[in-house]
Amino acid sequence: MAKKSLVTGITGQDGSYLAELLLEKGCQVYGLIRRSSNEPTDRIQHLLDKIQLLDGDLTDQSSLDQAIQTSQPDEVYNLAAQSFVPTSWNQPVLTADVTGLGVVRLLESLRKYKPNAKFYQASSSEMFGKVKETPQKETTPFHPRSPYGVAKVYAHYITINYRESYDLFACSGICFNHESPRRGLEFVTRKITHTAAQIKLGKAKELSLGNLEAARDWGFAGDYVQAMWLMLQQEKPEDYVIATGKAHTVREVVEIAFDEIGLPWKKYVKNDKKLYRPAEVDYLLGDSTKAQQKLHWKPETSFEKLIRMMVKHDLKIVQQETTYPLPALKE
Ligand code: NAP
Ligand code: F7E
């Protein structure tokens, strides 16, 4: 019988890639979707006839109970979150409620209605924040620098606690930044590749950015969802760092993107102090040795290939005046 998988955050970047992967694996896929006054399914439009969507919100316990009872999942991937770091300073309580408490609500539903389901939590390298060692691995202490990072630390530890208290198969992937042509336009890589494409096609004049020296360990989302799936295929629930092991600055993203469009970046990029954060995460670099050894996972897509792929997609999208890749452009 086909395995049943429930994905929260299925309308997001990772949710769309994970849904594709689970369908390839022969799973019956359920997705949690929250009510919206417009169409939030752009990224999964090409999958809508193959998956089942269930109404629910991480802030609403009864909807989570209902989703678990209806789907009776073998696996639950919790990808839903208020995931944009700057918003977490403007909406700290909402971020704590969704990104932090939402996880304990979902774990409670599982404990009550499907305790033998396997559970994946989307933990984040933002938990390392002001880093205590470089590179960061599973044992590196946390020092989050934003309300988002703090909420993710709670979510991470409550997942461990439910594993230890109730013997749930609950684990976390501590994922470093991962991007794709489906990345939200507000995140820095996509902001750069999309605006560069607009500049190239005469639809924007400049690109405003904050801290160009911040460095991240950037990988491709399509590679990272493979690791999520692998974690739930193991005998034992454990936490894993998922990263490429290479760090690059925002400036390097800009350089590659403008090289791809063949224009000099210094003429178009403006520095805007309003885009700096109250507390910055300066430099993140992950060590995914454990995932490589135990899951036999490794990243396939280089940083440069990723940024060039995103620019190429954005050039097509800007030309067609749409926001997300059309199904034919899926990557
Ligand atoms: P994303 O594109 O921002 O997607 C977030 C998803 O969460 C969307 O489907 C969104 O639904 C949903 N959501 C938001 N609030 C919700 C609520 N109250 N109830 C139910 N669903 C809600 O994020 P992503 O990049 O795919 O990341 C997936 C997960 O990994 C997130 O938990 C993120 O924090 C974490 N993470 C991401 C990265 C990364 O670099 N991408 C790295 C580490 C960890 P709508 O479409 O309706 O807004
Ligand atoms: O910023 C700098 C900014 O917003 C990266 C989320 O998926 O990954 C993501 O969080 C860096 C920061 O991602 C702009 O100051 C400069 O240092 O793309 P970002 P993030 O904050 O690292 C982690 C792992 C997650 O878990 C999160 O959910 O870029 N930066 N200028 C800028 N950033 C933005 N957004 N916009 C700028 O104009």
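When a ligand or atom number is given, it counts from 1 through the structure's own listing order.
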Donor on one side chain, acceptor on other, [X] and [Y], under 3.5 Å:
X: Tyr283; Y: Asp217; value: no
X: Gln121; Y: Ser123; value: no
X: Glu75; Y: Gln233; value: yes

Between [X] and ligand 2, find which residue part has any heavy-atom pair under 4.0 Å and reply side chain, backbone, both or neither.
X: Phe84; value: side chain
X: Arg183; value: side chain
X: Ala214; value: side chain

What residue and atom, counting heavy atoms only, is the protein's closest point to [atom], and at what distance?
atom: atom 15 (O) of ligand 2; value: Glu280 OE2, 2.6 Å
atom: atom 1 (O) of ligand 2; value: Arg277 NH2, 3.3 Å
atom: atom 38 (O) of ligand 2; value: Lys191 NZ, 2.8 Å
atom: atom 13 (O) of ligand 2; value: Asn177 ND2, 3.6 Å
atom: atom 18 (O) of ligand 2; value: Val188 N, 2.8 Å
atom: atom 35 (N) of ligand 2; value: Glu186 O, 3.0 Å
atom: atom 31 (N) of ligand 2; value: Gly210 N, 2.9 Å
atom: atom 12 (C) of ligand 2; value: Arg216 NH2, 3.4 Å

At a 4.0 Å threshold, what atoms of ligand 2 neighbour a non-hydrogen atom of [X]?
X: Val250; value: 2 (C), 29 (O)
X: Leu275; value: 38 (O)
X: Tyr148; value: 25 (C), 26 (O), 27 (C), 28 (O)
X: Ser124; value: 23 (C), 24 (C), 25 (C), 26 (O)
X: Ser125; value: 24 (C)
X: Val85; value: 10 (O), 21 (O)

- Task: Start with the C-alpha gap between Tyr30 and Tyr77, add the side-chain angles, then the distance that decides, and say whether ring-ring contact (aromatic ring centres under 6.0 Å, His included) holds.
- Result: CA-CA 10 Å; Tyr30 293 86; Tyr77 296 86; over 10 Å; no
Are [X] and [Y] within salt-bridge range, i.e. N to O under 4.0 Å?
X: Lys112; Y: Glu108; result: no
X: Arg216; Y: Glu280; result: yes
X: Lys203; Y: Glu321; result: yes

List in chain and number order the residues that pass ring pair (Phe, Tyr, Trp, His ring centres under 6.0 Å) with [X], two or more places apart in sequence or in another chain; answer none if no residue qualifies.
X: Trp265; answer: none
X: Tyr162; answer: Tyr166
X: Phe84; answer: Phe187

- Asn271 side chain to Gly210 main-chain N or O, any donor-acceptor pair under 3.5 Å? yes
- Message: Between Ser172 (side chain only) and Ile174 (backbone N and O only), is there a donor and an acceptor less than 3.5 Å apart?
- Response: no
- Message: Tell me which one of Arg190, His194, Gln319, Gln198 satisfies side-chain hydrogen bond (donor to acceptor under 3.5 Å, both in side chains) with Asp314.
- Response: Arg190
- Item | Among Val85, Val281, Thr95, side chain to side chain contact (heavy atoms under 4.5 Å, CB included) partner for Ser146 | Val85
- Message: Counting only heavy atoms and a distance below 4.0 Å, can you name the residues contacting ligand 1?
- Response: Gly9, Thr11, Gly12, Gln13, Asp14, Arg34, Asp57, Leu58, Leu79, Ala80, Ala81, Ser83, Val98, Ala122, Ser123, Ser124, Tyr148, Lys152, Cys175, Phe176, Asn177, His178, Arg183
